[in-house]
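A short worksheet on the structure shown next.
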Amino acid sequence: MGAYTAAYERSIADPTRFWGLAARDVRWLVPPDRVLDDGAPPFYRWFTGGELNTCDNAVDRHVEEGRGEQAALIYDSPVTGTVRTFSFRELRDLVAAFAGALRELGVDRGDRVVIYLPMIPEAVVAMLACARLGAVHSVVFGGFAAKELAVRIDDARPKVVVSASCGIEGSRVVPYKPLLDQALEMASHKVDRCVVRQRPQLHADLVRPRDVEWDEAVAGGSPAECVPVSATDPLYILYTSGTTGRPKGVVRDNGGHAVALRWSMENVYGVGPGDVFWAASDVGWVVGHSYIVYAPLLTGCTTVLYEGKPVGTPDAGAFWRVASQHRVKALFTAPTAIRAIKKEDPEGALPAGYDLSALDTLFLAGERLDPDTYHWASRVLDRPVIDHWWQTETGWPIVANPRGLEPMPVKPGSPTVAVPGYDVRVLQPDGTPAAPGTDGDIVLRLPLPPGALSTLWQDDERFVESYLGRHPGHYLTGDGGHVDEDGYVWVMGRTDDVINVAGHRLSTGTMEEVIAAHPAVAECAVIGVADQLKGQLPRGLVVLKSGAVVDPEALRDELVAMVREQIGPVAALKEISVVPALPKTRSGKILRGVMRGIADGRDVPVPSTIEDPAVLEELRPILRSPTASP
Ligand code: COA
Ligand code: AMP
């Protein structure tokens with residue numbers, strides 16, 4: 001039996017022993033009484049009775065154990081022309097100082113802090129400072145608009161918001177503070193204080209006495225020590241798109257998270273203490289939380305924080321320049337970034353200009369890795385290109401090629417095999433197991449391993465209803481696919497209304513809510529259609545109110561602007577067609593899946609429950625080519 005199979009079987013047969021051993025790599029202040037607390041299913045808790053501090057494990061312990069002078073964080077920002085390295089000792093001092101500042105502003109164990117920051121070192125420092133105090137951070141991605149920020153502020157009810165004067169998107173300076181001010185005005189929850197990092201590119205106006213500059217706040221506090229917290233205490237809330245307009249607040253605990261992420265670095269990614277790890281993502285997404293900040297630092301790796309794009313900052317060689325300059329061993333990004341690079345450098349000539357001898361592996365996730373992109377990256381880099389599948393809820397890979405444990409042969413299009421800890425199954429709609437090769441709902445048999453979400457923020461009911469209701473005893477991933485005869489998992493796409501645009505997870509339901517609010521719109525549907533560069537792009541279909549007279553182009557511009565204004569530029573909704581009617585079932589359900597299939601050029605069966613087949617026929621040409629007229 002290979003090392004992978006042996007580890008996998010142990011993890012499923014005896015999770016307590018498996019994760020109990022893995023927990024030895026974490027520094028506990030009080031060791032746990034129980035590894036897996038399964039007393040109240042469907043809720044499971046890991047490492048109950050244990051106490052630790054995640055910041056202590058990510059920073060302080062490395063200083064004490066001899067890594068104080070090793071680089072912990074390399075901030076590489078082509079958009080500002082900056083490269084700056086922070087040792088573990090420097091990082092500890094910055095984090096302790098900022099934790100002291102937060103404490104002085106009234107932040108205590110269990111209080112929430114919303115972080116709305118671009119990709120600057122302060123983002124990492126603020127997250128770790130919250131962890132140090134036992135406070136719960138909630139990072140909001142910078143590409144979201146004020147309203148989305150306000151929704152998250154109302155749900156998390158933070159004492160303090162940490163933000164900056166601006167972000168930098170390529171060559172564009174994006175003011176953050178006006179968005180924050182608007183969000184605070186819209187939110188019903190009142191925030192006590194805001195800390196603002198003034199960047200040289202833009203000075204933000206402060207609202208005194210509520211707002212305080214970062215340096216002022218630090219000067220007003222004294223360094224804070226790590227506060228012991230329970231393993232089951234929340235470390236962070238990260239909001240993610242669900243099928244409705246209301247985002248889901250995924251709650252991550254401290255203990256299980258530290259154990260699982262630490263384990264994943266060596267076993268999945270094949271990296272260990274002292275190695276350089278670079279996740280080219282954003283701290284606003286789960287990839288950023290887990291693999292820019294926590295996992296590399298918990299492992300004693302050097303992590304790279306990159307404020308730039310794969311292309312245009314300054315060119316399509318940017319990733320290879322960063323990997324070479326910082327001797328990156330493992331690079332993790334989304335397939336869309338590789339497609340953007342391939343578009344600019346189709347022959348893959350640019351990597352040859354850089355010394356990539358330290359680079360072992362390219363890891364890709366966030367959306368399906370299409371075989372073309374896989375083959376291109378493998379050819380130009382001439383090293384393993386590894387697809388792996390996971391989601392905000394799980395926090396770390398569900399299916400991967402376990403490079404550290406035992407590299408497996410790659411089947412392009414499949415992220416390979418179930419990671420130890422995850423009991424991956426495929427079920428048919430009636431709950432019976434699907435035969436190998438047959439598509440169904442990909443589910444995870446409970447309990448989920450450590451590190452996966454414990455619940456949704458203050459909403460156990462929604463957690464159960466969203467994830468555990470469809471197939472009792474199993475967590476519904478929301479992805480469909482199958483497992484083949486060799487045990488390889490094939491993830492074919494979401495079975496709900498979540499779409500993936502350039503590796504960003506978005507809800508078509510939220511976009512529909514915005515569009516439906518337009519006075520001329522009677523009803524609408526937003527579907528995700530395949531796109532060569534971004535994987536998927538949203539497309540809107542709009543039915544006008546009877547008697548409404550509007551210029552379709554002007555309406556489209558208005559709706560695009562509304563979505564940008566209310567959700568954010570990241571929603572990237574640009575295509576909207578006015579149609580006579582939407583195809584529905586007799587019970588009134590809009591046939592989004594059928595429309596998506598037609599738009600993607602797939603041969604999809606039309607359900608027998610369709611109300612009026614003529615409506616769908618009339619729509620076919622528009623779905624195939626959005627410029628066609630009804
Ligand atoms: N703050 C403000 N605006 C942001 C933003 C941020 N943090 N991130 C994105 N935006 C804006 C972009 O500027 C763009 O605005 P525009 O419509 O005015 O041009 C819009 O949101 C859409 O962004 P994006 O979908 O990222 O498209 P892009 O054309 O700027 O870049 C890629 C395309 C492929 C280069 C880019 O999406 C990329 O690097 N993706 C990597 C994927 C990734 O990091 N995924 C995270 C999970 S691994
Ligand atoms: P997020 O929560 O933003 O990480 O998005 C998670 C979703 O992205 C998953 O549910 C999948 O639909 C998709 N996804 C992520 N990684 C992959 C992958 N390797 N292959 C296919 N889909 C993926």
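One-based numbering, in listed order, for ligands and for the atoms of each. Everything numeric here is computed off the predicted structure, so don't read it as measured data.
- For A572, the heavy-atom gap to ligand 1 stays at 4.0 angstrom or more.
- Here the protein heavy atom with the shortest distance to atom 8 (N) of ligand 1 is F141 CZ, 3.4 Å.
- Heavy-atom distances between R339 and ligand 1 stay at or above 4.0 Å for every pair.
- Protein heavy atoms are absent from the space less than 4.0 angstrom from atom 36 (C) of ligand 1.
- Classification of D459 and R246 as a salt-bridged pair holds, one side-chain N sitting under 4.0 Å from a carboxylate O.
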task = Carefully, step by step, assess F463 and V251 under the rule side-chain contact (heavy atoms from CB on, under 4.5 Å).
result = CA-CA 10 Å; F463 168 67; V251 178; over 6 Å; no

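- The aromatic rings of H289 and Y236 sit tilted, their planes meeting at an angle between 30° and 60°.
- Remark: side-chain polar atoms of T508 are not paired, donor with acceptor, to backbone N or O of I527 under 3.5 angstrom.
- Here the protein heavy atom with the shortest distance to atom 30 (O) of ligand 1 is K309 NZ, 3.1 Å.
- E512 places a side-chain N or O within 3.5 Å of a backbone atom of V526 that can act as its donor or acceptor partner.
- Nearest-heavy-atom check against atom 42 (C) of ligand 1 across A502, A337, G312 picks out A502.
- Nearest non-hydrogen protein atom to atom 22 (C) of ligand 1 is P569 O, 3.7 Å.
- Under a 4.0 angstrom heavy-atom cut-off, K534 registers as being in contact with ligand 1.
- Close approach of ligand 1 to Y176 is summarised as follows: ligand atoms under 4.0 Å from at least one heavy atom of the residue are 1 (N), 7 (N).
- For atom 2 (C) of ligand 1, the nearest protein heavy atom (residue, atom name, distance) is G142 O, 3.6 Å.
- Heavy atoms of F332 stay at 4.0 angstrom or farther from ligand 1.
- Taking CD from Q532 and CG from L537, the interatomic distance works out to 11.0 Å, rounded to the nearest 0.5 Å.
- By the 30° and 60° cut-offs, the orientation of the rings of F144 relative to F141 is perpendicular.
- For the pairing with W389, the side chain to side chain donor-acceptor pair (under 3.5 Å) check across T477, D479, T394 returns one residue only, D479.
- Ring geometry, W390 versus H388: the interplanar angle falls from 30° to 60°, so the pair is classed tilted.
- In this structure, the protein non-hydrogen atom closest to atom 46 (C) of ligand 1 is S281 OG, 3.4 Å.
- Residue-ligand proximity: G366 is placed with every non-hydrogen atom at 4.0 Å or more from ligand 1.
- Side-chain atoms of K574 do not come within 3.5 Å of backbone N or O of V560 as any donor-acceptor pair.
- When the options E307, R564, E169 are ranked by their closest heavy atom to atom 16 (P) of ligand 1, first place goes to R564.
- At a 4.0 Å heavy-atom cut-off, ligand 1 touches K574 through the side chain alone.
- When heavy-atom distances to ligand 1 are checked against a 4.0 Å cut-off, M119 has no atom that comes that close, whether in backbone or side chain.
- Considering only residues two or more places apart in sequence or on other chains, R403 meets the salt bridge (Lys or Arg N to Asp or Glu O under 4.0 Å) condition with none of them.
- Near ligand 2, heavy-atom contacts under 4.0 Å come from V286, G366, E367, R368, D387, H388, W389, W390, Q391, T392, D479, V491, R494, N500, R505.
- Considering both main-chain and side-chain atoms, T333 never comes within under 3.5 Å of ligand 1 through any nitrogen or oxygen pair.
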May I have the list of side-chain donor-acceptor pairs in residues 412-423 shorter than 3.5 Å, sequence neighbours left out?
| unit_1 | atom_1 | unit_2 | atom_2 | d |
| --- | --- | --- | --- | --- |
| S414 | OG | T416 | N | 3.0 |
| S414 | OG | V489 | O | 2.6 |
| Y422 | OH | W396 | O | 3.4 |
| Y422 | OH | W396 | NE1 | 3.3 |
| D423 | OD1 | R425 | NE | 3.0 |
| D423 | OD2 | R425 | NH2 | 3.0 |
| D423 | OD2 | R445 | NE | 3.4 |

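- Against a heavy-atom cut-off of under 4.0 Å, P310 is close to the following atoms of ligand 1: 35 (C), 39 (O).
- Short contacts between ligand 1 and T336, defined as distances under 4.0 Å to a heavy atom of the residue, involve ligand atoms 34 (C), 40 (N), 41 (C), 42 (C).
- Take A279 and apply the side chain to side chain contact (heavy atoms under 4.5 Å, CB included) test, not counting sequence neighbours, and it matches F277, V287, Y291, I292, F332.
- Here the CG atom belonging to L362 is positioned 8.0 Å from the OG1 atom belonging to T333, to the nearest 0.5 angstrom.
- The CZ atom of F319 sits 6.5 Å away from atom CD1 of I338, with the distance rounded to the nearest 0.5 Å.
- The protein non-hydrogen atom at the shortest distance from atom 15 (O) of ligand 1 is R172 NH2, 3.4 Å.
- Between D372 and R339 there is no salt bridge, since no side-chain N of the basic residue sits under 4.0 Å from a carboxylate O of the acidic one.
- Counting atoms of ligand 1 from 1 in the listed order, those under 4.0 Å from a heavy atom of V287 are 48 (S).
- Using a 4.0 Å cut-off to heavy atoms of G503, the atoms of ligand 1 that qualify are 45 (N), 46 (C), 47 (C).
- No heavy atom of V311 sits closer than 4.0 Å to any atom of ligand 1.
- Counting protein heavy atoms under 4.0 angstrom from atom 32 (C) of ligand 1 gives zero.
- With hydrogens and angles disregarded, no donor-acceptor distance shorter than 3.5 Å links the side chain of D345 to the backbone of I341.
- A salt bridge links K309 with E169: the closest approach of a Lys/Arg side-chain nitrogen to an acidic carboxylate oxygen falls below 4.0 angstrom.
- Remark: minimum distance from atom 26 (O) of ligand 1 to any protein heavy atom is reached at H504 NE2, 3.2 Å.
- For W285, no nitrogen or oxygen atom sits less than 3.5 Å from a nitrogen or oxygen atom of ligand 1, counting backbone and side chain alike.
- Remark: K147 does not engage E513 in a salt bridge, criterion side-chain N to carboxylate O under 4.0 Å.
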